[in-house]
Amino acid sequence: MQNITRILALLALAALCGCGGGGAGFDRPQFFLGNTPHDFGGTNGDDAAARQVATEILANRSFDLSPYGWMLESGPVTSSSEGIVNDFGAGEGEQSVVSLTGSLDMRIVSREAAFREVRLFGVYSLSQATVANAQEGTSFPISWTVSWQDLDNAYQVTCTQDMTGTLWQDAALFFN
């Protein structure tokens, strides 16, 4: 009798896990990829060279915004520069999700000795990011403050960037 109960329990569990295969609400991106930033402002937003550095830091950078699984939640956040060779590499920091807002505070590794203290601080709407986390092809905007030291000069640029989920997978595969 115990064997039959175990078999039925295993079949029920398999059926529950199988229900999500490709179904709505189970697919999630592995990370979010940022496009080219726009709407520059801030202390050095009028400086073309500063805008170019901010673009190099942000464009085609991926962000893992789900530190403990598939939900957007507070915790560590990592970043990498996707498929491009530039002066800026991996990043890490913290994501804070409070009420209706998410924020990222990250340090980015500079491969160039002249660039120091590279930092990203971003704010986004949690509701828009949650929709993008659940619906493939949907983007959400994030407002960035990008700051760095270049030799003896400090720079700060604000901008907006759209983030889109990439490498979508069925989350049920990871809950087995």
Side-chain angles (χ1 to χ4, degrees), residues 17 20 25-40 42 53-150 154-176:
C17 291
F26 281 90
D27 291 340
R28 295 292 185 264
Q30 285 188 352
F31 57 85
F32 286 90
L33 185 62
N35 68 359
T36 303
H38 51 89
D39 298 332
F40 291 96
V53 170
T55 298
E56 188 175 343
I57 292 168
L58 288 171
N60 295 314
R61 177 169 291 279
S62 67
F63 297 86
D64 182 357
L65 304 180
S66 301
Y68 303 113
W70 297 99
M71 299 297 295
L72 301 176
E73 57 189 316
S74 297
V77 64
T78 58
S79 173
S80 64
S81 188
E82 295 296 314
I84 57 175
V85 178
N86 66 26
D87 293 333
F88 305 99
E92 59 182 31
E94 288 293 318
Q95 176 172 243
S96 178
V97 174
V98 179
S99 186
L100 303 175
T101 304
S103 66
L104 303 172
D105 189 358
M106 303 185 73
R107 301 261 183 225
I108 303 296
V109 173
S110 173
R111 298 180 184 123
E112 176 63 43
F115 291 102
R116 302 182 330 271
E117 303 296 322
V118 179
R119 183 174 173 210
L120 298 178
F121 181 78
V123 178
Y124 61 88
S125 162
L126 182 58
S127 63
Q128 290 177 331
T130 300
V131 169
N133 192 45
Q135 294 179 8
E136 189 170 358
T138 305
S139 298
F140 70 95
I142 185 166
S143 298
W144 290 112
T145 298
V146 185
S147 60
W148 67 93
Q149 289 280 126
D150 183 358
Y155 292 89
Q156 185 181 68
V157 173
T158 61
C159 60
T160 301
Q161 183 181 41
D162 296 318
M163 306 281 265
T164 305
T166 305
L167 295 178
W168 287 72
Q169 294 187 6
D170 185 343
L173 296 174
F174 297 93
F175 295 124
N176 293 331

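These values consider heavy atoms only, across backbone and side chains, with no hydrogens, waters or symmetry-generated copies.
Interatomic distance, OG1 of T36 versus CG of L58, reported as 10.0 Å (0.5 Å rounding). Distance check, rounded to the nearest 0.5 Å: CZ of R111 to CZ of F88 gives 9.5 Å. Taking CD of Q135 as the reference point, atom OG1 of T130 lies at 11.0 Å (rounded to 0.5 Å). The structure places CD of Q95 at 7.5 Å from OG of S66, a figure rounded to the nearest 0.5 Å.
V146 places a side-chain heavy atom less than 4.5 Å from the side chain of L120. Under the 4.5 Å side-chain criterion, counting only non-hydrogen atoms from C-beta, E94 is in contact with P76. Here the side chains of F63 and I142 are not in contact, with every heavy-atom distance at 4.5 Å or above. In this structure the side chain of D64 never reaches within 4.5 angstrom of the side chain of S79, judged on heavy atoms. For the pair N133 and F32, the minimum side-chain heavy-atom distance is below 4.5 Å. Two residues are said to be in side-chain contact when any heavy atoms from C-beta on lie closer than 4.5 Å; Y155 and V53 fail this criterion.
Judged by distance alone, with hydrogens and angles left aside, the side-chain atoms of T164 form no donor-acceptor pair with the main-chain N or O of G137 at under 3.5 Å. Q156 places no side-chain N or O within 3.5 Å of a backbone atom of S147 that could act as its donor or acceptor partner. In terms of modelled atom types and a separation under 3.5 Å, the side chain of N35 and the main chain of D162 share a donor-acceptor contact. No donor-acceptor distance shorter than 3.5 angstrom exists from the side chain of Q128 to the backbone of F140, with no hydrogens or angles considered. When atom types are taken as modelled, the side chain of T138 and the backbone of V131 share no donor-acceptor pair closer than 3.5 angstrom.
Closest approach of S143 and T160 over heavy atoms only: OG-OG1, 4.3 Å. Minimum interatomic distance between C159 and P37 (heavy atoms only, all atoms of both residues): SG-CB, 3.7 Å. The two residues V118 and S110 come nearest to each other via the heavy atoms CG2-CB, 4.2 Å. Contact record, V97 with L126: CG1-CD2, 3.3 Å, taken as the closest heavy-atom pair.
When R61, R119, E117 are each tested for a side chain to side chain contact (heavy atoms under 4.5 Å, CB included) with I108, only one passes: R61. Of the options L33, T166, T78, a side chain to side chain contact (heavy atoms under 4.5 Å, CB included) to S62 is made by L33 and by none of the others. Of the candidates V157, I57, L104, L104 is the only one forming a side chain to side chain contact (heavy atoms under 4.5 Å, CB included) with W144.
In the displayed structure, E92 atom CD is contacted under 6.0 Å by at most 12 heavy atoms of other residues, nucleotides or ligands.
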Is there a side-chain contact (heavy atoms from CB on, under 4.5 Å) between S125 and T101 once you walk through the steps? CA-CA 5 Å; S125 162; T101 304; over 6 Å; no
Candidate pair T158 and F121, rule side-chain contact (heavy atoms from CB on, under 4.5 Å), full reasoning: CA-CA 9 Å; T158 61; F121 181 78; over 6 Å; no
